[in-house]
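Below: one structure, written as structure tokens.
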Amino acid sequence: MSELDQSAYARQLVGDVLATAEAERTTTPEAFTARVLEELEEAGVVSNTYTAYHRSHGLEVHGYGAGEDSGRLDLFITDFRLSPLEDRLTKAQAESRFKRLLTFLRRCQNGLRQHIDESSDVYDMCDAVEKALTDVTQIRLFLLSNGVSTSTAPPPTEFESIPVVHEIWDLARLHRHATSGTLSEPIVVTFDPPLPCLSAPSTEADHSVALTVLPGDRLADLYAEHGTRLLELNVRSFLQTRGAVNKGIRESLLHSPGRFLAYNNGITATASQVEFAEGADGQHLGISRIHGLQIVNGGQTTASLHHAKKRDKADLSNVCVQMKLTVVSPERLMEIVPRISEYSNTQNKVTAVDFSSNHEFHVDVQRVTRSLWAPAVDGSGHETRWFYEKARGQYADALAELSAAGQKRFKTIWPTRQKFTKADLAKYAHSWDQLPFLVSRGAQKNFNEFMINLRRQPVHVDTAYCQRIIAKAILFRTADNIARDHDAGSYKSAITTYTVARLSLAVGKRIDLDEIWRRQQASEALTDALDDLCPRVMAAVTNPLRGTHVGEWAKQPACWEAVSRVRWSVPRALEAELLDLPLEDRPADDADEAGTAVAREAAARVPLQEWADIEHWARATRSLEPWQRQLLQVVGRRLNVNESVSETQAAQLLHVRSEAVRLGFAPAGSASVQ
């Protein structure tokens, strides 16, 4: 990395944060904090993070995070500078900020929330931290800064016998993270004493292989420390903990720990470099350090060890796990690792296309979007393009290769505001598909669920699909700006996804996404409708069940059930713009694949006369929305003459039937629809 590269990144970072702070009418430290936490959560470094700023005598905090399974509590404090290259983040400054975080932690333990307004996000933060301290096994204090640190982070300490570690994410580290093209910094693990190993010679220059045995307790601790970062190159990482194999692993750990090595297939891992303890003759006697450790097969084994130790309090001292470790040259990493993972897997069927960045879906989305010219909307006749990042850092890498003049031309064609990532795409798609509780679980978990759904129902990526994904992006960002205007605060991301989902439900997905693409913006009627709907959604999301934190409430399907019941009528101006039927994301032939006709089969089991009865009842009582009555008329008649309907139409029809029954319609028969 050159100093010029880092300087350019520093200027760009300050510019982006200033623009975000101005657009969202927030402070620059808060905008910077939100940006960094989003990137770290997507990378798997942290999870379940929330921004909430509080400062008092001797204490300061900008946010917190609590891993669902990791047993960790994370606290964040920010040091943002308008001129980050002019002076350094000194050791004394860093220690002072960590001390303020510890003071906040101590005050929370002593009941700080009692002195905070219960309606504020700071109260939720204090309450969550206080509760977490009762069973947390590790505390991590993060200093987020766009300055360059002159020292390393302070050594580990303890808080009330709980281990405390410190992390500094300064300008240099953020720059490495943003431009490396990988999800996060390499994991380096030291073994003292060295792990005994058998090092096998290789005829290939780009890799070598070693066999070793890991203490189960150490592997569990590695997962506790690094979490899913250990599995970033695992093609099965989003399938972990879903198969029946975990049950068998758990039984072995609890009842036959000494036989685990015999019963379990072990793990397959890769590394960028391995340091060996050598004998007098230069032979490899043991592994002393591994650089860039990644578990590419055996994620279930690793996670099960961690859960058994944490949840079941299992003694893993007699557990050993075999490991095949392949050292791969960095330039061949993305080519070789998917094949290692595919060929070594024996637990569930998996193919190389599951490797996320190189998944055919993401390759196709990048290929199509990079060729699309978005219509000019400012009267200048100047068309632009949207930049899809299927791997982190592609936009920054493209800029780094250009001169100053070239960068200016590049940003004219691909404006920064028109960049979106894999995690963004999953967020836009799931909000539109009325899965806001998944979006609220964080970028990484939502993306994993998106990939699982993609495996179940592959989509055909073409021009129309990509234009509509971008239209969903425009819709989501419009809602996000509106949520900001309604002072959604630290819950803005949840309010936004729930607002889009509730709108999608209310209009039956009949918004003309193609028109949004052509206009490159939401219409006035659509914007006004979002503005009217947003505060109603906010009221439901920010009033959780008693004793439930708002952030946790938003992750639950029950929250979506509550929001879906929010009373709201589609304004006439928007109704006039809606399509008769929703646009389909998939071609008709794709929608007919096996396993996707569940709703159509259920709709077909409803007596044909009942659809007509619902339509007559709705018109007489005016109980349903106009679009729902129209759907009954159009799709109901298709069913009546034995014409085919899409899966989406059938699903919406069943939803209308359920809504009619809820509002008082009494079916003549007793058809069972499931």
Side-chain angles (χ1 to χ4, degrees), residues 16 19-27 30-31 34-35 38 50-52 119-121 377 415 417-418 420 424-425 427-437 439-440 443 446 468-513 515-517 519-543 550-551 553-554 559-560 562-578:
D16 289 347
T20 301
E22 181 180 2
E24 300 194 355
R25 293 198 290 273
T26 187
T27 66
E30 289 173 319
R35 175 192 172 114
E38 183 177 351
Y50 305 94
T51 57
S119 64
S120 72
D121 51 9
V377 295
R417 67 179 181 277
Q418 290 179 196
F420 66 111
D424 292 331
L425 186 151
K427 178 170 60 178
Y428 304 147
H430 275 173
S431 298
W432 174 260
D433 289 336
Q434 300 159 28
L435 298 169
F437 50 92
V439 178
S440 298
N446 182 59
R468 290 168 190 173
I469 278 291
I470 292 172
K472 293 171 187 176
I474 295 171
L475 175 64
F476 186 95
R477 294 177 180 187
T478 301
D480 193 62
N481 289 334
I482 288 170
R484 176 207 66 211
D485 292 340
H486 284 282
D487 297 324
S490 61
Y491 305 128
K492 179 167 66 69
S493 59
I495 304 302
T496 299
T497 183
Y498 272 93
T499 299
V500 173
R502 184 64 180 88
L503 176 72
S504 174
L505 175 65
V507 301
K509 292 188 174 181
R510 292 181 301 126
I511 292 172
D512 191 344
L513 297 173
E515 180 63 17
I516 294 178
W517 161 260
R519 295 165 58 100
Q520 289 292 291
Q521 62 183 10
S523 68
E524 182 178 352
L526 180 54
T527 302
D528 290 344
L530 286 167
D531 188 58
D532 182 55
L533 175 61
C534 181
R536 305 166 193 261
V537 171
M538 189 187 306
V541 173
T542 57
N543 285 279
V550 173
W553 165 243
C559 182
W560 170 234
V563 172
S564 65
R565 292 193 298 269
V566 169
R567 297 189 65 85
W568 183 72
S569 298
V570 179
R572 291 183 179 179
L574 178 58
E575 183 69 46
E577 294 181 357
L578 299 179

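Values below: every heavy atom of this structure, side chains too, minus hydrogens, waters and symmetry copies. No experiment lies behind these values; they were computed from the predicted model shown. By convention here, the first residue in the shown sequence is residue 1.
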Note, [X] side chain near [Y] side chain (heavy atom, < 4.5 Å):
X	Y	answer
His486	Asp531	yes
Leu530	Leu475	yes
Leu526	Leu503	yes
Asp512	Leu578	no
Asp433	Lys509	yes
Asp424	Glu38	yes
Val541	Tyr491	no
Tyr498	Val566	no

**Request:** Answer yes or no: does atom CZ of Arg519 have more than 12 heavy-atom neighbours from other residues, nucleotides or ligands under 6.0 Å?
**Result:** yes

Rounded at 0.5 Å granularity, tell me how far [atom1] in [X] sits from [atom2] in [Y].
X	Y	atom1	atom2	answer
Leu574	Ile511	CG	CD1	6.0 Å
Thr26	Asp487	OG1	CG	10.5 Å
Cys534	Lys492	SG	NZ	10.5 Å
Trp432	Thr497	CH2	OG1	13.0 Å
Glu30	Thr51	CD	OG1	7.0 Å
Leu513	Ile474	CG	CD1	9.5 Å

**Residue pair Asp16, Arg35: steps toward the side-chain contact (heavy atoms from CB on, under 4.5 Å) verdict** = CA-CA 10 Å; Asp16 289 347; Arg35 175 192 172 114; 3.4 Å; yes

**Item:** salt bridge (charged side-chain N to carboxylate O under 4.0 Å, His left out) partners of Glu515, counting only residues at least two apart
**Value:** Arg518

Please give me the minimum heavy-atom distance between [X] and [Y], naming the atom from each residue.
X	Y	answer
Ile495	Val537	O-CG1, 4.3 Å
Ala501	Gln434	O-CG, 3.6 Å
Ala529	Trp568	O-CZ2, 3.6 Å
Ala554	Cys559	CA-SG, 3.9 Å
Thr496	Ala483	OG1-CB, 3.7 Å
Trp553	Ala540	NE1-O, 3.4 Å

**Request:** I would like to know whether Tyr50 and Val550 meet side-chain contact (heavy atoms from CB on, under 4.5 Å); could you show each step before the answer?
**Result:** CA-CA 10 Å; Tyr50 305 94; Val550 173; over 6 Å; no

**Prompt:** Salt bridge check: are Arg477 and Asp480 linked by an N-O gap of less than 4.0 Å?
**Reply:**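 Salt bridge between Arg477 and Asp480, a charged N being under 4.0 Å from a carboxylate O: no.
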
